[in-house]
Protein chains: 2
Amino acid sequence: MDTQSRTSVLSRSPFFRELDPRLIELSAQEAQERKLAKQDVLFQQGDEATHHYVVVWGRLRLDQATPDGKNIVLRFMGPGDLLGSVAVFRGMPYPATPVAVEETALLSWSAARMMVLMQENPPLAMRAMGMMGGRIEELQARLQEIATQQVERRIAATILRIAGQSGRRTAEGVEIPFALSRQDLAEMTGTTLHTVSRTLSAWIEEGLLEGRRSSHLVILRPHRLVEISEQA
Amino acid sequence: MDTQSRTSVLSRSPFFRELDPRLIELSAQEAQERKLAKQDVLFQQGDEATHHYVVVWGRLRLDQATPDGKNIVLRFMGPGDLLGSVAVFRGMPYPATPVAVEETALLSWSAARMMVLMQENPPLAMRAMGMMGGRIEELQARLQEIATQQVERRIAATILRIAGQSGRRTAEGVEIPFALSRQDLAEMTGTTLHTVSRTLSAWIEEGLLEGRRSSHLVILRPHRLVEISEQA
DNA sequence: CGACGTCTTGAAATGGCTCAAAGTGAGTGG
DNA sequence: CCACTCACTTTGAGCCATTTCAAGACGTCG
């Protein structure tokens, strides 16, 4: 990928958007490129945090392994999302493992280099804080859901959240444009794949969703799903 | 409070510690002071985010109201903790309401002023990112707990987390030095006060804890509590 | 001393999990 | 191109951890 197309990618990413064009071009020049095939791992939970990454295209699932061998899905990351920075800033090991769910390209910068870029360009640091703040609010919202709502509402809210982050509007409704398994949803909502499967089956029956048997999910009646996620 | 004692407070806070002494003194001079009586609210969830706060002494409970009238406790904040910054950086309303659980003093800076301080002192911005990163990791850890572990383990982990943040070592064990109700614990662990009460009763019976009837909790056998929080 | 808020405890109800088994589609290799 | 395999999904049945409902006890504060 040449500098120009990198620059144009970064200009549209939430992280660099509307910052000084010279900063963007400099960052684009200095970035290293990384490509992942489906199922590839960007880094392992527990590895020393050495780089900041921005997703150029593709999609990753951020997995966190628990001490007792279970797994939870923290979120999915798509184009423009920032990865690794939390750990780098803390000087701690990466707390999760990003796995490509489709072919994915990223740009990366070393911790030291990004530190200099930020110190020399305070708006970039402010932007990073804004993105971290967004992550905190999302996590707080999920904590609230999982702590207070029953499973059906949590599944509805989770599908809506993913649709909001990655959904594509189509003729029939809103499509989630990657393979999102029942197991993934279970690991995002703190339930079992059995319960997710039953719940989605009911919704598909009801004509609310489409996507039996591992095809991409399509939300046919988003408004109804919102109702479920908000039902008393 | 005079500038000197403010300076010394800030020098010991996780936010300013070991930064340029001139920056600390300048920040101390510019800070506004705020005192809260027990039960006072620092600001309301939903208010426009205008200030960053650092707790000088005392303790606050960070409450988040859910759309359907429930409440969850996000965390307790003590001396040195940073409050409000997440919302200020995002330009969004405060997402939660901090309530003083005892008499509390804070220092505050306007959003604009702190922005300038950070732009002129990159290490301060880095520090803020580090603290936000810590919040993200704590939230991810809690999400993992609540998503995968049963109630007893979550209660144990929550008490240990609070003890780690605020506990005081005493002759008998580790004391949590403020009134922490069964309801608070329930709202932090995503369970009911009944279940918390039953669980703590069993632990008190077992000699693991002290603190029947609203006296401060004392962990008599921390190691045993860790075992419970990690039990397969 | 009374009243209220917090806590404790029992008993019954239930949402979601575990266990179990079979169905389906996609990919693969012959 | 077909048969086979494997991973993912669906669905049923029984169970159990936790909630819900209910009642009372304790402490504290005015």
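Residue numbers begin at 1 in each chain, while the letters A, B, ... track the order of the sequences. Computed over heavy atoms, backbone and side chain alike; hydrogens, waters and symmetry mates excluded.
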**Message:** Counting only heavy atoms and a strict 4.0 angstrom limit, can you tell me which residues of residues 141-151 of chain A come near DNA chain C?
**Reply:**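 Output list: A:Gln150, A:Val151.
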**Request:** State, to the nearest 10°, the angle formed by the axis through the first five base pairs of the helix from C:dC1-D:dG30 to C:dG30-D:dC1 and the axis through its last five.
**Result:**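 The angle separating the two end axes equals 40°.
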**Prompt:** Is any side-chain N of the basic residue among A:Glu230 and A:Arg153 closer than 4.0 Å to the acidic one's carboxylate O?
**Reply:**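 A salt bridge is absent here (no side-chain N lies under 4.0 Å from a carboxylate O).
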**Prompt:** Below 4.0 angstrom, N of the basic side chain to O of the carboxylate: do B:Arg61 and B:Asp63 qualify?
**Reply:**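 Yes, charged N to carboxylate O under 4.0 Å.
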**Message:** Here's a test for you: under side chain to side chain contact (heavy atoms under 4.5 Å, CB included), which of A:Ile219, A:Leu217, A:Leu208 qualifies with A:Trp203?
**Reply:**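 So, applying the side chain to side chain contact (heavy atoms under 4.5 Å, CB included) to A:Trp203 and each of A:Ile219, A:Leu217, A:Leu208, only A:Leu208 qualifies.
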**Message:** Are A:His51 and A:Tyr94 an aromatic pair, judged by ring center distance below 6.0 Å?
**Reply:**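 No, ring centres 6.0 Å or more apart.
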Just the rounded figure in Å: distance from [atom2] of [N] to [atom1] of [X].
{"X": "A:Lys70", "N": "C:dT18", "atom1": "NZ", "atom2": "C1'", "value": "12 Å"}
{"X": "A:Glu152", "N": "C:dT14", "atom1": "CD", "atom2": "P", "value": "17 Å"}
{"X": "B:Arg153", "N": "D:dA17", "atom1": "CZ", "atom2": "C1'", "value": "15 Å"}
{"X": "A:Lys38", "N": "D:dA7", "atom1": "NZ", "atom2": "P", "value": "15 Å"}
{"X": "A:Asp184", "N": "D:dC8", "atom1": "CG", "atom2": "P", "value": "9 Å"}
{"X": "B:Gln39", "N": "D:dC29", "atom1": "CD", "atom2": "P", "value": "12 Å"}
{"X": "A:Ile204", "N": "C:dT24", "atom1": "CD1", "atom2": "P", "value": "15 Å"}
{"X": "A:Leu193", "N": "D:dT10", "atom1": "CG", "atom2": "P", "value": "9 Å"}

**Item:** Worked verdict on A:Arg212 versus A:Glu205 for salt bridge (charged side-chain N to carboxylate O under 4.0 Å, His left out)
**Value:** CA-CA 10 Å; A:Arg212 286 238 178 233; A:Glu205 206 68 33; 3.5 Å; yes
**Item:** Distance test, side-chain N/O of B:Arg212 to OP1/OP2 of C:dT9, below 4.0 Å
**Value:**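 Checking B:Arg212 against C:dT9: at least one side-chain N or O falls below 4.0 Å of OP1 or OP2.
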**Asked** At what distance, to the nearest 0.5 angstrom, does OG of B:Ser229 lie from CD1 of B:Ile159?
**Response**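 Separation between the atoms: 10.5 Å.
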**Message:** Restricting to non-hydrogen atoms, name the atom on A:Ile72 and the atom on B:Ala147 that form the minimum distance, rounded to 0.1 Å.
**Reply:**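 Reported closest heavy-atom pair: CG2-CB, 4.4 Å.
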**Item:** Shortest non-hydrogen contact between A:Arg221 and A:Glu206, atoms and distance
**Value:**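 Of all heavy-atom pairs spanning A:Arg221 and A:Glu206, the closest is NH1-O, 3.5 Å.
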**Request:** Indicate, yes or no, whether a donor-acceptor pair under 3.5 Å links the base of D:dT20 to the side chain of B:His194.
**Result:**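 Side chain to base: no pair present.
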**Message:** Under the side-chain hydrogen bond (donor to acceptor under 3.5 Å, both in side chains) definition, can you give me all pairs with a residue in residues 157-166 of chain A, not counting sequence neighbours?
**Reply:**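 Qualifying pairs, neighbours excluded: A:Arg59-A:Ser166, A:Glu138-A:Gln165, A:Glu145-A:Arg161.
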**Request:** Scan for side-chain hydrogen bond (donor to acceptor under 3.5 Å, both in side chains) pairs involving residues 183-200 of chain B, sequence neighbours excluded, and state none if there are none.
**Result:**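 Passing the test, one end in residues 183-200 of chain B: B:Asn71-B:Glu187, B:Ser181-B:Asp184, B:Gln183-B:Glu187, B:Thr192-B:Thr195.
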**Request:** Would you indicate which nucleotide in C:dC7, D:dT9, D:dT19 comes nearest to any side-chain atom of B:Thr192?
**Result:**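 The closest nucleotide is D:dT19.
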**Message:** Which nucleotide wins on minimum distance to the side chain of A:Ser197, given the candidates D:dT10, C:dT9, D:dT18?
**Reply:**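 The listed nucleotide nearest to A:Ser197's side chain is D:dT10.
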Hey, what are the protein-to-nucleotides 13-15 of chain D N/O distances that come in under 3.5 Å?
none

**Prompt:** In this structure, which one of B:Tyr53, B:Phe15, B:Phe16 forms a ring-ring contact (aromatic ring centres under 6.0 Å, His included) with B:Trp109?
**Reply:**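 For B:Trp109, the ring-ring contact (aromatic ring centres under 6.0 Å, His included) check succeeds only for B:Phe16.
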**Request:** Just call it for B:Thr195: base, sugar-phosphate, or nothing, with non-hydrogen atoms closer than 4.0 Å on any strand.
**Result:**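 Here B:Thr195 touches the bases of the nucleic acid.
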**Message:** So, using side chain to side chain contact (heavy atoms under 4.5 Å, CB included) as the criterion, who are the partners of A:Glu48 when residues are at least two apart?
**Reply:**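 Side chain to side chain contact (heavy atoms under 4.5 Å, CB included) list for A:Glu48, sorted by chain: A:Thr50.
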